[in-house]
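One is the number of the first residue; the rest follow in order along the sequence. Computation of the quantities below employed the complete heavy-atom set of this structure, encompassing side-chain atoms and omitting hydrogens, waters and symmetry-equivalent molecules.
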Amino acid sequence: MRRAARRGLATALALLALPAVGAPPAPRPNIVLLVADDWGYTDIGSFGSEIRTPNIDALAAHGVRFANFHVAGSCAPTRAMLQTGVSSHRAGLGNMPETIPPEHIGKPGYNTVLNHHVVTLAEVLHQAGYRTYLTGKWHLGKASDGLPTARGYDHAFSLADAGADNFEQKPIAGLYDKADWTEDGRPATLPTPFYSSTFIVDTMLRYIDAGRGSGKPFFASVNFLANHIPVQAPDAYIARYAHAYDGGWRALRAARQARAIAMGLVPPETRAAVMRSTADWNRLSPDQRHAAARAMAAYGGMAEAADHEIGRLIDHLKATGAYDNTIFVFLSDNGPEPTDPRGRLLNRLVLGLLRDFAPDHQASAAR
């Protein structure tokens with residue numbers, strides 16, 4: 001579910017909390033908002049992917065898949081629109097703080113944080129009697145008045161940055177000096193052991209369970225780091241895709257395109273775009289192909305690991321009797337990362353690379 005009016009989605013979710021005029025009281029639904037990071041349109045099984053996403057697919061099979069759902073081209077603007085129901089510029093996030101050009105800084109619509117001229121979905125739902133929780137990536141402000149608990153959330157364990165290490169409390173090297181995690185507005189320390197997708201769901205379950213006795217419905221905003229760089233997954237998940245991508249991205253693109261057309265998600269005449277920066281698979285050396293296939297295996301493993309955690313969340317809600325009165329929404333904040341992180345010298349040094357597509361470049365992704 002990646003392409004529809006994100007503003008309309010936020011508005012619709014807020015309206016669910018408001019009782020109809022003259023209608024008898026009815027149980028208001030719980031709302032679970034599942035936000036993936038940097039997933040492509042066909043990265044989900046129910047949209048044509050070879051990646052195993054059975055839990056997301058089950059939600060799609062019992063719900064609605066949107067084939068014309070539009071998001072912004074980068075994450076923070078989409079998240080601003082999703083959290084507020086207004087355009088990203090009106091919310092202050094016309095661009096991300098990490099990518100904004102100097103000439104835009106300070107101009108209207110380019111605050112690089114969620115401004116205080118708008119209200120959030122959490123504030124509206126909280127006022128309507130909902131418990132409001134957020135876990136995972138926030139990326140809409142780091143100051144105390146810009147963190148989730150200052151913008152309508154009862155509890156939040158959030159990352160203020162665009163991304164971070166998925167196994168340790170470490171930042172993206174060269175972009176941040178620390179991984180800026182906070183809980184309820186205070187600096188927080190991650191547990192050991194830690195894997196981001198597991199922790200994000202574990203923490204959300206803790207919040208939901210702690211407030212169950214209140215009798216109030218909940219709004220759970222679950223924001224995965226998967227699959228933002230660094231692309232990292234446990235060994236077992238990467239191993240499942242050990243040879244899945246040996247045929248290269250040209251064959252993968254054709255297979256996904258055919259499945260998406262067969263599913264009726266895109267018109268039969270749709271042509272697949274090829275980025276100018278994408279290398280010709282047939283011109284790569286065997287070592288380069290092996291490294292690229294392993295990188296894609298880590299990507300597939302990271303996505304499947306996130307889907308597994310979504311399944312744990314669903315199973316828990318079923319076990320506690322909340323599932324049947326819960327609305328689930330899944331989307332990605334934008335499409336896949338268009339640049340190869342190995343193109344930066346600093347990244348290659350951090351990963352221990354002497355050249356692009358080194359055979360062992362993905363070793364840091366396997367834990």
Side-chain angles (χ1 to χ4, degrees), residues 1-15 17 31-39 66 69-101 104-127 130 132-153 156-164 175-176 180-182 185 200 219-225 228 329-338:
M1 302 175 186
R2 250 196 38 72
R3 286 171 128 31
R6 65 275 162 187
R7 288 179 285 171
L9 174 60
T11 302
L13 292 176
L15 289 174
I31 302 168
V32 175
L33 180 60
L34 302 162
V35 184
D37 202 329
D38 291 0
W39 287 31
F66 294 104
F69 184 98
H70 296 274
V71 295
S74 57
C75 55
T78 293
R79 292 166 192 271
M81 290 187 283
L82 189 61
Q83 290 288 337
T84 65
V86 302
S87 72
S88 58
H89 288 80
R90 184 177 176 188
L93 269 298
N95 205 331
M96 301 191 301
E98 295 84 0
T99 59
I100 185 171
H104 287 177
I105 295 175
K107 297 294 192 300
Y110 293 95
N111 308 80
T112 69
V113 297
L114 196 64
N115 65 42
H116 288 274
H117 300 299
V118 296
V119 296
T120 68
L121 181 58
E123 288 169 327
V124 173
L125 291 174
H126 186 275
Q127 191 173 28
Y130 272 69
T132 53
Y133 310 126
L134 182 142
T135 57
K137 180 172 169 178
W138 174 243
H139 201 204
L140 297 175
K142 295 188 176 188
S144 59
D145 64 347
L147 292 172
T149 45
R151 303 308 304 262
Y153 286 96
F157 203 120
S158 63
L159 175 70
D161 306 322
L175 194 57
Y176 308 105
D180 202 347
W181 288 94
T182 60
I200 286 166
F219 169 53
S221 181
V222 185
N223 302 268
F224 293 98
L225 275 61
H228 195 282
V329 178
F330 174 87
L331 72 153
S332 175
D333 61 354
N334 50 257
E337 170 61 49

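Contact detail for Ala150 and Glu123: the closest heavy-atom pair is O-OE2, 4.2 Å. Of all the heavy atoms in Met81 and Ser88, the pair that sits closest is CG-N, 3.2 Å. When all heavy atoms of Gly136 and Trp181 are compared, the pair lying nearest together is CA-CZ3, 4.4 Å. Contact between Pro148 and Ala156 at its shortest, heavy atoms only, is CB-CB, 3.5 Å. Pairing each heavy atom of Thr132 with each of Gly152, the nearest pair is OG1-O, 2.7 Å. Of all the heavy atoms in Asn334 and Val71, the pair that sits closest is CA-CG2, 3.8 Å.
The shortest distance between side-chain heavy atoms of Thr135 and Asn223 does not fall below 4.5 Å. By the 4.5 Å heavy-atom criterion applied to side chains, Tyr130 and Ile31 are counted as neighbours. At a threshold of 4.5 Å between non-hydrogen side-chain atoms, the residues Leu82 and Leu331 count as touching. For the pair His139/Glu98, a side-chain contact is recorded, criterion being any heavy-atom separation below 4.5 Å from C-beta on. Using a 4.5 Å heavy-atom threshold, the side chains of Lys137 and Ser158 count as separate. Residues His116 and Asp145 form a side-chain contact, since some pair of their non-hydrogen atoms from C-beta on lies under 4.5 Å apart.
Remark: Asp180 pairs with no residue by the side chain to side chain donor-acceptor pair (under 3.5 Å) rule, at least two apart or across chains.
Under the 3.5 Å distance criterion, the side-chain polar atoms of Asp161 are left unmatched by any main-chain donor or acceptor of Gly163. In terms of modelled atom types and a separation under 3.5 Å, the side chain of Thr120 and the main chain of Arg151 share a donor-acceptor contact. Side chain of Thr78 to backbone of Ala72: a donor-acceptor contact under 3.5 angstrom is found. For Ser87 (side chain) and Arg90 (main-chain N/O), a donor-acceptor pair under 3.5 Å exists by modelled atom type.
Between the CG atom in Asn95 and the OG1 atom in Thr112 there is a gap of 9.5 Å [rounded to 0.5 Å]. Rounding to the nearest 0.5 angstrom, the gap separating the OH atom in Tyr110 from the CD1 atom in Ile105 is 12.0 Å. The line from CZ of Phe224 to OG of Ser332 is 12.0 Å long, rounded to the nearest 0.5 Å. One finds the CH2 atom of Trp138 at 8.0 Å from the CG atom of Leu147 (value rounded to the nearest 0.5 Å).
With 3.5 Å as the limit, one finds no donor-acceptor pair spanning the side chains of Tyr153 and His126.
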task: Assess whether side-chain contact (heavy atoms from CB on, under 4.5 Å) is satisfied between Leu93 and Leu140, documenting all intermediate values.
output: CA-CA 8 Å; Leu93 269 298; Leu140 297 175; 4.2 Å; yes

- request: Just do the ring-ring contact (aromatic ring centres under 6.0 Å, His included) check on Trp39 and Phe330 with the steps written out, would you?
  value: CA-CA 11 Å; Trp39 287 31; Phe330 174 87; 5.6 Å; yes

- request: Could you walk me through whether Val119 and Thr84 pass the side-chain contact (heavy atoms from CB on, under 4.5 Å) test, one step at a time?
  value: CA-CA 6 Å; Val119 296; Thr84 65; over 6 Å; no

message: Determine whether Ser221 and Gln83 satisfy the following criterion, side-chain contact (heavy atoms from CB on, under 4.5 Å), listing intermediate values before the conclusion.
response: CA-CA 10 Å; Ser221 181; Gln83 290 288 337; 3.7 Å; yes

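The salt bridge (charged side-chain N to carboxylate O under 4.0 Å, His left out) contacts involving residues 71-84 comprise Asp37-Arg79, Arg79-Asp333, where partners must be two or more places apart or lie in separate chains.
No more than 12 heavy atoms of other residues, nucleotides or ligands shown are found within 6.0 angstrom of NE2 on His117.
Applying the side-chain contact (heavy atoms from CB on, under 4.5 Å) test between Val222 and each of Leu33, Leu34, Val35 identifies Leu34 as the sole match.
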